[in-house]
Amino acid sequence: MNPPPAWAPLIPLLWIIAWVGASLVYRRMRGKPLIYAKLEGTKYRQTNASGHSHKSWITRLGGARGVLVVQVTADELDIHPFPPFNWFFLPEIYALEYRVPLSSVRSAELRKGFFSKAVDVVMTTLDRGDKKVTLYLAYPEDFLTALGERVTGRPPA
């Protein structure tokens, strides 16, 4: 039996480079940023949040662990993974990239579990309709305060 060619170990590396390259081209074609900027006038920001979408059973099992950036301004809610995790088609696969006006956020509800607290956010998007995302945040109460009374039903503190 002949040994594999000398270039054979490069195949996985080339596959990864092609996957990332295709993801970057896709993001550019769709007008999505490769690197995100901090939004001006942020009322809440966390750069190591976790969460999952309720799109399917796969997105509920998967999701993001400590790689989501969650930002709230006076006008919008922004949820996205930070680079390089947004370069592997992961936001598209796990449905974890949203930038919506606060008027599109229908509800945000704190859910207390045995070990952690989660916030279930329901929003309406133009291209995907109603979507539900569960976020695991360090300070969920601050997030709900930033969203405001109209969304959470809770008066400001």
Side-chain angles (χ1 to χ4, degrees), residues 11-148 151-152:
I11 292 174
L13 180 62
L14 293 174
W15 176 254
I16 292 170
I17 290 170
W19 184 261
V20 170
S23 173
L24 295 176
V25 168
Y26 173 84
R27 293 187 70 75
R28 275 289 173 213
M29 288 174 48
R30 300 281 178 171
K32 295 181 176 185
L34 302 179
I35 297 175
Y36 295 90
K38 180 181 178 183
L39 297 178
E40 292 294 321
T42 12
K43 296 176 4 183
Y44 178 87
R45 185 168 199 259
Q46 182 177 336
T47 58
N48 63 343
S50 299
H52 64 270
S53 169
H54 290 255
K55 178 180 173 184
S56 69
W57 65 271
I58 292 174
T59 62
R60 289 182 194 196
L61 287 177
R65 303 289 177 253
V67 299
L68 288 180
V69 176
V70 178
Q71 302 179 94
V72 179
T73 68
D75 303 322
E76 62 187 343
L77 168 64
D78 180 35
I79 302 168
H80 63 267
F82 58 76
F85 298 101
N86 63 330
W87 298 346
F88 299 99
F89 291 110
L90 296 177
E92 289 79 19
I93 293 169
Y94 292 107
L96 283 173
E97 187 172 37
Y98 299 96
R99 189 164 181 183
V100 296
L102 284 184
S103 60
S104 296
V105 180
R106 292 189 23 227
S107 68
E109 192 175 308
L110 182 64
R111 193 169 33 89
K112 295 181 182 183
F114 191 68
F115 292 109
S116 65
K117 295 178 183 177
V119 177
D120 291 329
V121 179
V122 178
M123 63 193 102
T124 303
T125 62
L126 294 175
D127 57 340
R128 297 185 268 184
D130 284 355
K131 296 295 167 196
K132 183 177 181 182
V133 176
T134 297
L135 299 171
Y136 299 94
L137 305 166
Y139 304 102
E141 291 84 3
D142 294 346
F143 172 74
L144 293 172
T145 301
L147 285 178
V151 173
T152 63

Next item on the list: For atom CD of E76, decide whether the heavy atoms of other residues, nucleotides or ligands shown that lie under 6.0 angstrom number more than 12.
Entry: yes
Check: Are E141 and K117 side-chain neighbours, meaning at least one heavy-atom pair lies under 4.5 Å?
Finding: yes
Notebook entry, point to check: Going through the distances and angles, do Q46 and F143 end up as a side-chain contact (heavy atoms from CB on, under 4.5 Å)?
Noted result: CA-CA 9 Å; Q46 182 177 336; F143 172 74; over 6 Å; no
Check: What's the shortest heavy-atom distance between H52 and R60, and which atoms?
Finding: CD2-CA, 3.8 Å
Next item on the list: Using a 4.5 Å cut-off on heavy atoms from C-beta on, say whether the side chain of I79 contacts that of R99.
Entry: no
Item checked: Reported CD1-to-CD1 distance for the pair I16 and I11, which is rounded to 0.5 angstrom -> 12.5 Å
Checklist line | Atom pair CG/CH2 of L24 and W19 - distance to nearest 0.5 Å | finding: 12.5 Å
Margin query: Do K43 and Q71 make a side-chain contact, defined as non-hydrogen atoms from C-beta onward lying under 4.5 Å apart?
Written below: no
Check: With a 4.5 Å limit on heavy-atom distance, are the side chains of V67 and N48 in contact?
Finding: no
Margin query: Between V122 and V105, is the side-chain contact (heavy atoms from CB on, under 4.5 Å) condition met? List the steps.
Written below: CA-CA 6 Å; V122 178; V105 180; over 6 Å; no
Notebook entry, point to check: Given side chains that start at C-beta, do those of H80 and L96 come closer than 4.5 Å, heavy atoms only?
Noted result: no
Margin query: The test is side-chain contact (heavy atoms from CB on, under 4.5 Å); show your working for D130 and M123 and say whether it passes.
Written below: CA-CA 6 Å; D130 284 355; M123 63 193 102; over 6 Å; no
Next item on the list: Quick one: closest heavy-atom pair of L34 and P83, and the distance?
Entry: O-CG, 3.7 Å
Check: Quick check, are the ring centers of F85 and F88 under 6.0 angstrom apart?
Finding: no
Next item on the list: Work out which heavy atom in T73 is nearest to a heavy atom in E40; give both atom names and the distance.
Entry: CG2-O, 3.6 Å
Next item on the list: Report the C-alpha separation of L77 and L102 in whole Å, then their side-chain angles, then the decisive distance to 0.1 Å, and conclude whether the side-chain contact (heavy atoms from CB on, under 4.5 Å) test is met.
Entry: CA-CA 6 Å; L77 168 64; L102 284 184; 4.1 Å; yes
Notebook entry, point to check: So, the side chain of R45 versus the backbone of V70: is there a donor-acceptor pair under 3.5 Å, distance only?
Noted result: no
Margin query: Within this structure, what is the CG-CD1 distance for the pair L61 and I58, rounded to the nearest 0.5 Å?
Written below: 8.0 Å
Check: Which atoms form the tightest heavy-atom contact between P81 and L68, and what is the distance?
Finding: N-CD2, 3.8 Å
Check: Taking all non-hydrogen atoms of both residues, which atom of V100 and which atom of T124 are closest, and how far apart?
Finding: CG1-O, 4.4 Å
Margin query: Tell me which one of R111, K131, R106 satisfies salt bridge (Lys or Arg N to Asp or Glu O under 4.0 Å) with D120.
Written below: R111
Notebook entry, point to check: Is the number of heavy atoms from other residues, nucleotides or ligands under 6.0 Å of Y139 OH greater than 12?
Noted result: no
Check: From S50 OG over to L137 CG, what is the distance, rounded to the nearest 0.5 angstrom?
Finding: 8.5 Å
Next item on the list: Decide, yes or no, whether a salt bridge links R30 with E92 under the criterion of side-chain N to carboxylate O below 4.0 Å.
Entry: no
Checklist line | pair V121-K132: side-chain heavy atoms closer than 4.5 Å | finding: no
Item checked: Minimum side-chain heavy-atom gap V72-T42 below 4.5 Å -> no
Check: If you take all heavy atoms of T59 and S53, which pair is closest and at what distance?
Finding: OG1-O, 3.1 Å
